[in-house]
Amino acid sequence: MLNLKFTRNPPLVIEKLQKKNFNASAIVGNIIELYQQKNKLQVQAEQAKAEMNKISAEVGNLMRQGKKDEAEIAKARTSEIKENIKQFDLDFAAIEEKVYELQVQLPNLPHDSVSVGKGAADNEIVKRLGEIPVLPENALPHWELAAKYNIIDFELGVKLTGAGFPVYRGKGAQLQRALINFFLAEASKAGYEEIQPPLMVNEASGFGTGQLPDKEGQMYHATIDNLYLIPTAEVPVTNIYRDVIVEAKNLPYKNTAYSACFRREAGSYGKDVRGLNRLHQFDKVEIVQIAHPEKSYETLEDMVKHVESLVQKLELPFRILRLCGGDMSFTSALTYDFEVFSAAQKMWLEVSSVSNFESFQANRLKLRYRDETTKKPQLAHTLNGSALALPRIVAALLENNQTPEGIKIPKVLVPYCGFDIIN
RNA sequence: GGUGAGGUGGGUGAGUGGCUAAAACCAGCAGUUUGCUAAACUGCCGUACGGGAAACUGUACCGCGGGUUCGAAUCCCGCCCUCACCGCCA
């Protein structure tokens, strides 16, 4: 949710949001108009309330002095004021609601470095590293490798739960565990405090990170208890900082968490969902930072470096994209996507998305830091990224490392796996 | 699932109708004193939204929502949450 302070500079907001192909002029215009009405009303309402308070105090004094008649006279003055206050409050609430409705429609302002673009095709490749492996003629896609070596059973998952809930077994399960441990260990080394969060969250948390109310359909909802299965550890971890004021000198806060992630993915079918490409339940290690506004872009670079080091150590060919305005999420100010090349599918697969949300999330979360000079609470910046999401990493590892002897495990993972080949 | 207790500022916790943004203590900040540390003393120490060039000032907020009243942290109603004990159980 965009801080209303931005709307005090309408041309800037409108110009910036054009990058996201979003025409904000009508909304911003309405907000400003409503805002002025709201302030006018607030002045009137507060004057009336101040008078009420004064009369009440008077009545109290008169009563104590035993001047009952005078108190009665004072009381008589209140009924009209009371009616006015009631009406002011109703009007005020109505305007506030309207402002809010408009406010939540505004996407986050993109960072200056974000380029104009319509969609994925316009994203800027900022880095590309690693050789794309040359596979033999009879190379298999990962879902066939998974069946061949009996390490991931998609059909069994359908039996137990449904499509998109694969069962990992044997070395497949061990590989999952190894990846999780590897990612967590790397994050710890980089100074992130590890968190084991709840996998279900309440409404307030869903709201805090922006999944609710609009993206409700993305999450599994346990209606009896009104709890939501988390779509990412970002939700519980970032909500740790909901409604808190932190000390500036303690920034940045760095957290990492492994969690299973649950996504309904309603409406996505077809080729892209084959195998591990898109699942309803998957594993991910997330990194989250709470940063000082002046430092948050350094923080973003820091996180990108961290994710980069992970894909490099896994020896996967990858590229980093700076998302264009048209492909960025509603909430992000700047996003880098990581894609690894899955050699049998011959596809780039997104395995991480690292974003700076600036104060967009913090505004909803009421996450503030106390400025060291002014001592005033200010909105902090929140950032997060996958480090990393497992399924597509596994897909690429299986496909890229397939050999006639079996699937080679990258060196860095061998100590975590306890084996160096799947055969 | 049953029964009971309770939700007040960063923390503990007082407050049962007006003089309460809310005692006291702890933590925190600034200062005084002091060989150092420690201690002692003094002051400050909520948030949001308004008005004002500013000094300053108004309003709201004691889990959330409604009600009673001239006036509500305090009384009434509804909801949410937490804790304790019992039962069941990883």
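Residue numbers begin at 1 in each chain, while the letters A, B, ... track the order of the sequences.
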Establish, with yes or no, whether the OP1 or OP2 oxygen of [N] is under 4.0 angstrom from a side-chain nitrogen or oxygen of [X].
X	N	result
A/Arg77	B/G71	no
A/Asn39	B/G51	yes
A/Arg368	B/A48	yes
A/Lys82	B/G71	yes

Taking the [atom1] atom of each, how far is [N] from [M], in whole Å?
N	M	atom1	value
B/C25	B/U32	C1'	23 Å
B/C88	B/A14	C1'	40 Å
B/A73	B/U59	P	14 Å
B/G66	B/G17	P	25 Å
B/A72	B/G18	C1'	10 Å
B/C61	B/G67	P	13 Å
B/G46	B/A55	C1'	23 Å
B/C81	B/G63	C1'	7 Å

Side chain to side chain, A/Val237 and A/Glu286, heavy atoms closer than 4.5 Å: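 Sidechains of A/Glu286 and A/Val237: no contact.
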
Regarding [X] and [Y], does a basic nitrogen lie under 4.0 Å from an acidic carboxylate oxygen?
X	Y	value
A/Lys54	A/Glu51	no
A/Lys38	A/Asp91	no
A/Lys313	A/Glu186	yes

Base, sugar-phosphate, or nothing: which does [X] touch, judged by heavy atoms less than 4.0 Å apart?
X	answer
A/Asn53	sugar-phosphate
A/Lys38	sugar-phosphate
A/Ala50	sugar-phosphate

Nearest-nucleotide 5' precedence on RNA chain B, A/Lys75 against A/Lys376: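 Per heavy-atom nearest nucleotide, the more 5' residue is A/Lys376.
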
First of A/Lys5 and A/Gln47 reached from the 5' end of RNA chain B, by closest nucleotide: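 Taking each residue's closest nucleotide, the earlier one in sequence belongs to A/Lys5.
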
Paired nucleotide for [N] [Watson-Crick or G-U wobble; both distances under 3.5 Å]:
N	answer
B/A40	B/U32
B/A27	none
B/C83	B/G4
B/G71	none
B/A14	none
B/C19	none
B/C88	none
B/C62	none

Report yes if the distance between the aromatic ring centroids of [X] and [Y] is under 6.0 Å, otherwise no.
X	Y	value
A/His381	A/Phe360	no
A/His292	A/Tyr369	yes
A/Tyr297	A/His111	yes

Counting side-chain heavy atoms from C-beta on, which of [options] comes nearest to [X]?
X	options	answer
A/Pro377	B/G46, B/G71, B/A48	B/A48
A/Ser56	B/U59, B/U47, B/G71	B/G71
A/Gln42	B/G71, B/C49, B/U59	B/C49
A/Val43	B/G51, B/C49, B/G46	B/G51

Let me know the distance between [atom1] of [X] and [atom2] of [N], rounded to the nearest Å.
X	N	atom1	atom2	result
A/Ile55	B/U69	CD1	P	17 Å
A/Tyr369	B/G10	OH	C1'	20 Å
A/Glu46	B/A60	CD	P	8 Å
A/Asn226	B/C80	CG	C1'	11 Å
A/Lys366	B/C49	NZ	P	10 Å
A/Asn84	B/C70	CG	P	17 Å
A/Glu51	B/U59	CD	P	12 Å
A/Lys49	B/G51	NZ	P	16 Å

side-chain hydrogen bond (donor to acceptor under 3.5 Å, both in side chains), paired with A/Tyr220, selected from A/Arg264, A/Gln281, A/His280: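 By the side-chain hydrogen bond (donor to acceptor under 3.5 Å, both in side chains) criterion, A/Tyr220 pairs with just one of A/Arg264, A/Gln281, A/His280: A/His280.
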
